Amino acid sequence: PAMLLKVLVYAYSIGLRSSRKIADRLQEDIVFMWLAGRQTPDFRTIALFRKDRLTDFKSVFAHVVELCMELGMARVGTVSIDGTKFAANTSRNRVVYRKRLEKRKQSIAEKIDAIIEEADELDAREDALYGNETVNRTGIPFDKETIRKALGKIQKKKASLEKKKSALKAVHADIKKKERVMRKDRNSYAVADKDATVMLMKEEYIAPGYNAQAATENQVILAYGLFPNRTDYKLLKPMIAEVESMTKQTPKRVVADAGYGMKSNYRHLKHKKITGFIPYQNYNKDIVLRNKGLYAIPKKPDVELEKYKARMFIRLRSDEGEKMMKRRREDVEPVFADIKEHMKFRRFTLRGKAKCLIELGILSMAHNIKKIRSFVQRSIKNDIMTEEITQWGQILGYAQS
């Protein structure tokens with residue numbers, strides 16, 4: 001397992017994800033040969049290990065985060081949080097949408113109502129044929145054989161209607177099942193990957209995918225998460241919880257963009273005693289209005305939200321606030337750029353949130369290991385020698401033993 005994990009992390013770090021290509025590299029590439037100790041597992045072994053064996057990857061990732069903290073690369077002081085979209089491993093043409101399900105439910109309800117109405121009409125005709133007191137006003141003489149045939153036709157029609165009704169109820173039950181899969185907070189899901197939601201990717205196309213979140217400090221990924229949410233505003237709380245779980249510390253400051261600027265998030269930061277630097281939704285518009293002297297408080301304001309907005313406006317307009325917002329752009333955004341551009345990762349290989357989360361963990365670990373290498377190399381070059389840096393400098397070959 002240790003050998004396969006090393007091979008996978010290195011492969012992802014250089015933009016290689018195909019298990020067949022990795023298996024080929026194990027026989028051709030000297031770095032892969034060295035990492036594997038000249039062992040040559042076939043592509044099935046690599047694929048199955050990645051898909052089924054990496055069940056508790058976050059505990060492994062936590063060791064890398066701990067190492068980064070020991071080296072002084074991160075202290076859980078100012079944490080930047082942001083998200084990006086990755087496409088799911090599924091076709092964009094095979095998607096279930098909530099609106100379509102609602103239309104189908106309405107159509108089925110109308111068809112069932114029509115069947116019930118027709119069945120009531122058949123019951124009335126049947127009663128007319130069975131009833132002893134029914135007066136025959138048609139002028140056509142009825143005998144027992146005529147009545148028997150008419151009743152037979154009516155019963156066949158009723159059986160056919162009951163069969164149609166049962167089929168429609170089965171379709172209705174299937175729609176309900178799909179709605180349960182979708183849950184109340186989603187409007188779509190992919191057929192091949194039911195955890196993926198249709199969303200707008202950063203590359204300006206629409207496809208089933210996931211919202212990948214990262215909490216970083218000095219471009220070190222402290223925590224990561226994967227969500228089906230198309231927007232970010234509900235994801236601040238779980239990401240702060242992930243940071244606390246990984247580092248056993250609560251951040252002193254959290255910096256994020258306006259996508260997280262909601263009252264519930266401001267309230268949560270206040271409860272956790274974390275200083276937030278998060279613009280609210282109309283922050284830039286308010287700056288323009290205030291500069292022109294046109295800003296006015298809403299006629300029916302949310303008092304709690306207005307207090308948070310006023311406090312955040314003052315904080316963000318300060319020198320420290322401008323410094324924090326600049327730091328966010330230089331901290332978390334280059335991390336996603338490294339994953340998408342250098343590691344060439346824009347689409348998941350596996351399916352299902354749990355397995356895609358493993359892939360995101362491998363990418364995060366690969367990124368952090370690259371940052372460790374650069375940090376140790378830079379520290380030794382600048383003659384910043386701590387015991388940990390010296391030890392890892394010797395391991396990496398940047399310092400003499």
Side-chain angles (χ1 to χ4, degrees), residues 12-18 80-101 182-183 185-216 219 221 224-236 238-239 255-262 265 278-288 325-353 355-357 359-364 366-367:
Y12 271 72
S13 73
I14 62 172
L16 195 64
R17 288 175 294 283
S18 165
S80 301
I81 296 176
D82 201 1
T84 191
K85 311 290 175 54
F86 291 108
N89 183 14
T90 181
S91 170
R92 70 181 73 180
N93 298 319
R94 299 189 64 201
V95 176
V96 177
Y97 292 95
R98 185 182 297 279
K99 286 185 177 180
R100 290 181 185 174
L101 292 180
M182 197 178 299
R183 302 194 309 271
D185 57 338
R186 297 169 64 193
N187 292 316
S188 61
Y189 72 86
V191 174
D193 186 347
K194 292 180 172 56
D195 294 330
T197 304
V198 175
M199 56 184 70
L200 179 65
M201 299 293 150
K202 296 291 185 181
E203 296 76 19
E204 299 297 325
Y205 69 93
I206 296 174
Y210 291 95
N211 188 341
Q213 297 282 310
T216 67
Q219 297 185 12
I221 300 177
Y224 60 89
L226 198 64
F227 305 90
N229 305 56
R230 292 183 295 178
T231 56
D232 294 333
Y233 71 93
K234 289 184 179 180
L235 307 180
L236 186 72
M239 286 310 299
V255 189
D257 61 25
Y260 302 86
M262 304 296 290
N265 290 334
I278 305 173
Y280 48 89
Q281 297 294 318
N282 296 321
Y283 172 72
N284 292 325
K285 182 180 177 181
D286 282 0
I287 292 176
V288 175
M325 296 312 294
K326 181 181 178 183
R327 173 171 178 157
R328 187 199 72 81
R329 293 191 295 270
E330 296 173 351
D331 191 348
V332 66
E333 291 182 6
V335 170
F336 291 130
D338 178 47
I339 292 173
K340 287 191 170 184
E341 298 300 328
H342 298 155
M343 300 189 201
K344 300 178 179 63
F345 188 89
R346 295 176 183 272
R347 179 187 174 96
F348 286 106
T349 306
L350 304 179
R351 290 176 176 173
K353 180 182 174 181
K355 293 176 181 178
C356 291
L357 191 61
E359 279 199 284
L360 183 61
I362 294 173
L363 290 163
S364 301
H367 170 82

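Along the sequence shown, the residues carry numbers beginning at 1. Source: prediction; values computed, not measured.
When atom types are taken as modelled, the side chain of Arg17 and the backbone of Arg347 share no donor-acceptor pair closer than 3.5 angstrom. Judged by distance alone, the side chain of Lys202 and the main-chain N or O of Thr84 form no donor-acceptor pair under 3.5 Å. Within the 3.5 Å criterion, the main-chain N or O of Asp193 finds no donor-acceptor partner in the side chain of Arg351. No donor-acceptor pair closer than 3.5 Å links the side chain of Thr90 to the backbone N or O of Ala190. At distances below 3.5 Å, at least one donor-acceptor pair connects side-chain atoms of Gln219 with backbone N or O atoms of Glu330. Thr197 contributes a side-chain N or O that, together with a main-chain N or O of Pro228, makes up a donor-acceptor pair within less than 3.5 Å. Between the Glu359 side chain and the Thr349 main chain, a donor and an acceptor come within less than 3.5 Å of each other.
Shortest non-hydrogen contact noted between Tyr210 and Cys356 is CE1-SG, 3.8 Å. Residues Arg328 and Ser80 share a closest heavy-atom pair of CA-OG, 3.8 Å. When every heavy atom of Val255 is checked against every heavy atom of Met325, the shortest pair comes out as CG1-SD, 4.1 Å. Pairing each heavy atom of Val95 with each of Val198, the nearest pair is CG1-CG2, 3.3 Å. When all heavy atoms of Leu360 and Ala212 are compared, the pair lying nearest together is CD2-CB, 4.0 Å. In plain terms, the two heavy atoms of Tyr205 and Ala87 that are nearest each other are OH-CB, 3.8 Å.
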(request) Apply the test side-chain contact (heavy atoms from CB on, under 4.5 Å) to residues Phe345 and Ile362: give CA-CA distance (whole Å), side-chain angles for both, the deciding distance (0.1 Å), then the verdict. (result) CA-CA 11 Å; Phe345 188 89; Ile362 294 173; over 6 Å; no
(message) Before you tell me yes or no, could you show the steps for Asn89 and Leu350 under side-chain contact (heavy atoms from CB on, under 4.5 Å), namely the whole-Å CA-CA distance, both residues' side-chain angles and the distance that decides it to 0.1 Å?
(response) CA-CA 6 Å; Asn89 183 14; Leu350 304 179; over 6 Å; no
(request) Show your working on side-chain contact (heavy atoms from CB on, under 4.5 Å) between Ile206 and Arg92 and close with a plain yes or no. (result) CA-CA 8 Å; Ile206 296 174; Arg92 70 181 73 180; over 6 Å; no
(message) With side-chain contact (heavy atoms from CB on, under 4.5 Å) as the criterion, how do Met343 and His367 come out once you've worked through the C-alpha distance, each side chain's angles and the decisive distance to 0.1 Å?
(response) CA-CA 9 Å; Met343 300 189 201; His367 170 82; 3.7 Å; yes
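Within 6.0 Å of OH in Tyr233 there are 12 or fewer heavy atoms belonging to other residues, nucleotides or ligands. Within a 6.0 Å sphere centred on CZ of Arg94, heavy atoms belonging to other residues, nucleotides or ligands number 12 at most.
For the residue pair Asn211/Asp232, the side-chain donor-acceptor check at 3.5 Å is satisfied.
Once rounded to the nearest 0.5 Å, the distance linking CD1 of Ile278 with CE of Met262 reads 11.5 Å. The CG atom of Asn265 lies 4.5 Å from the CG atom of Leu236; values are rounded to the nearest 0.5 Å. In this structure, the separation between CE on Met239 and OH on Tyr260 is 7.5 Å, given to the nearest 0.5 Å. With rounding to the nearest 0.5 angstrom, the CG atom of Leu235 is 10.0 Å from the CD1 atom of Ile81. Rounded to the nearest 0.5 angstrom, Asp331 CG and Thr216 OG1 are separated by 3.5 Å. A distance of 12.0 Å separates CG in Asp82 from CZ in Arg329, rounded to the nearest 0.5 Å.
Judged by the 6.0 Å distance and 45° axis criteria, Lys340 is positioned over the aromatic ring of Phe86.
The ring-ring contact (aromatic ring centres under 6.0 Å, His included) test applied to Phe336 returns no partner, not counting sequence neighbours. Residues satisfying the side-chain hydrogen bond (donor to acceptor under 3.5 Å, both in side chains) criterion with Ser91, sequence neighbours excluded, are absent altogether. For Arg346, the salt bridge (charged side-chain N to carboxylate O under 4.0 Å, His left out) test picks out Glu203, Glu341, with sequence neighbours left out.
Looking at Tyr224 and Val335, their side chains never come closer than 4.5 Å, going by heavy atoms from C-beta outward.
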